[in-house]
*Asks:* 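Once you've had a glance at the structure underneath, I'll fire off some questions.
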Amino acid sequence: MPNLMVETTLIHFYANNKDIWSARTVFDEMAERSSVTWNAMIKGYCSQRKKAKKCCREALMLFTDMLSDVSGVKPTDTTMVSVLSACSQLGELYSGACIHGLIEKTIFSPENDVFIGTGLVDMYAKCGCIDSAFYAFRLMREKNVLTWTAMATGLAVHGKGKEALELLDTMESSGVKPNPVTFTSLFAACCHAGLVEEGLHLFHNMRSRFGVTPQIQHYGCIVDLLGRAGHLNEAYDFIIEMPMKPDAISWRSLLSASNVHGDVAMAEKVGKILLRLEPTIRHVDMADTSEDYVALSNVYASAGRWQQVEMVRKKMKLNRVRNKPGGSSIRTISNHLDHDEL
DNA sequence: TGAAGGCTTC
């Protein structure tokens, strides 16, 4: 006879191992479910990398099922944190705001719960409401490094680089130490606001002042920072001089910057390096590698070099790389639980 | 009140 705890653990196990469909089968066949069971399933959906949007929609649908479940099971703080994350990933402001309302009505105040508070900051910021994110942030009594980082990320995507750097000072004086993720967000903030000097200064001081050793993602951010600002040769040299093997992300951002700044020679050089990288370094998923072929093909197309465009297309076919359709993730006005896939 | 939960560059 299966038992509730064993089956719930099994849902965790399948979801953590990327087999969300087996997790759902276990969930559907259970005779009895606790809130922990529902949370395991909802969280499982929210943390899938593949088909993330579809899974986040499933999470929100399951959440409405949970609300109307006749067994009397109630959402908990864990449930709310998970569904806020689903809204963030989907850019679903309407659903996020509804869930915020539900949190205020049913559970404790978000300002006293660092998990829920951080979830709200993240949700509002990712859904385009930086003011609401900042309001939720200010109300929180306890803020940890994840809360500060979520706020910095929000400021970064809204182009508020100076404010993000000021946030680092306030964070420091509050006694919270930044972590490697915080720096990734801060560099992104500098990048989107064109704060090249400030970003480089922070990069050179992050170890001595904050005790955080730069990792490959930080080097990637600096490449992006230099590239977007048009310092393409500097960005190239920066990649070459990295103390570790450069990853595809660094090369890809330089390729994109070369395209934006119309430097066909640099774009061609970088595009070729990118395609020479082993597929495992470029991406685990073959579908994603199409972006690199398309990018290089676009370089040639913008320069009117149609023979090379054709050559890249042929190489793509030869390597059986399929083109991937694009999509948008911001949905402010929508039926918040519709079933279509983006 | 856990079998658990929040932040990351192209």
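The figures here come from the full heavy-atom set of this structure, side chains too, leaving out hydrogens, waters and symmetry mates. Residue numbers begin at 1 in each chain, while the letters A, B, ... track the order of the sequences.
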*Asks:* For B:dG6, does OP1 or OP2 lie under 4.0 Å from any side-chain N or O of A:K143?
*Replies:* no
*Asks:* Between atom CD1 in A:I42 and atom P in B:dG6, what is the gap in whole Å?
*Replies:*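 Going from CD1 in A:I42 over to P in B:dG6 covers 13 Å.
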*Asks:* Would you call A:K272-A:E268 a salt bridge at under 4.0 Å N-O?
*Replies:*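 Looking at A:K272 and A:E268, the cut-off is met.
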*Asks:* Tell me the interatomic distance from A:N179, atom CG, to B:dC7, atom P, rounded to whole angstroms.
*Replies:*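 Between P of B:dC7 and CG of A:N179: 12 Å.
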*Asks:* Which of these passes side chain to side chain contact (heavy atoms under 4.5 Å, CB included) with A:V196: A:R228, A:E234, A:H231?
*Replies:* A:H231
*Asks:* Could you tell me whether A:E58 and A:K53 have a side-chain N and a carboxylate O separated by less than 4.0 Å?
*Replies:*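 No, this pair does not count.
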*Asks:* What's the closest nucleotide to the A:I249 side chain, out of B:dC7, B:dG6, B:dC10?
*Replies:*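 The closest nucleotide is B:dC10.
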*Asks:* From the options B:dG6, B:dG5, B:dT8, select the nucleotide whose nearest atom is closest to the side chain of A:V181.
*Replies:*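 Per side-chain heavy atoms of A:V181, the pick is B:dT8.
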*Asks:* Ignoring hydrogens and angles, does a donor from either the side chain of A:T149 or the base of B:dC7 sit under 3.5 Å from an acceptor on the other?
*Replies:* yes
*Asks:* Between B:dG6, B:dA3, B:dT8, spot the one nearest the side chain of A:K43, thanks.
*Replies:* B:dG6
*Asks:* Under a 4.0 Å N-O cut-off, is there an ion pair linking A:R209 with A:D169?
*Replies:*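 Yes.
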*Asks:* Counting distance alone, no hydrogens or angles: does the base of B:dG6 have a donor or acceptor under 3.5 Å from a partner atom on the side chain of A:D122?
*Replies:*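 No, the side chain and the base share no sub-3.5 Å donor-acceptor pair.
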*Asks:* What about A:N39, does its side chain sit under 3.5 Å from the base of B:dG5 through a donor-acceptor pair?
*Replies:* no
*Asks:* Can you sort out which residues in residues 212-237 of chain A have a heavy atom within less than 4.0 Å of DNA chain B? Ascending by number, please.
*Replies:* A:Q217, A:G220, A:C221, A:D224, A:R228
*Asks:* So what does A:T118 touch, heavy atoms closer than 4.0 Å: a base, only the sugar-phosphate, or nothing?
*Replies:* base
*Asks:* Among B:dA3, B:dC10, B:dG6, find the nucleotide with the atom closest to the side chain of A:T9.
*Replies:*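 So the nucleotide nearest the side chain must be B:dA3.
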*Asks:* Decide whether A:S85 and A:D122 meet the rule of one side-chain donor and one side-chain acceptor closer than 3.5 Å.
*Replies:* no
*Asks:* Can you sort out which residues in residues 15-34 of chain A have a heavy atom within less than 4.0 Å of DNA chain B? Ascending by number, please.
*Replies:*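 The stretch gives A:S34 as the residues lying under 4.0 Å from the strand, ordered by number.
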*Asks:* Does A:K315 qualify as a cation-pi partner of A:Y293, given the criterion of NZ or CZ under 6.0 Å from the six-membered ring centre and within 45 degrees of its axis?
*Replies:*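 The answer is no, since A:K315 fails at least one limit relative to A:Y293.
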*Asks:* Which listed nucleotide (B:dC7, B:dG5, B:dT9) is nearest to the side chain of A:V81?
*Replies:*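 In terms of side-chain proximity for A:V81, the closest of B:dC7, B:dG5, B:dT9 is B:dG5.
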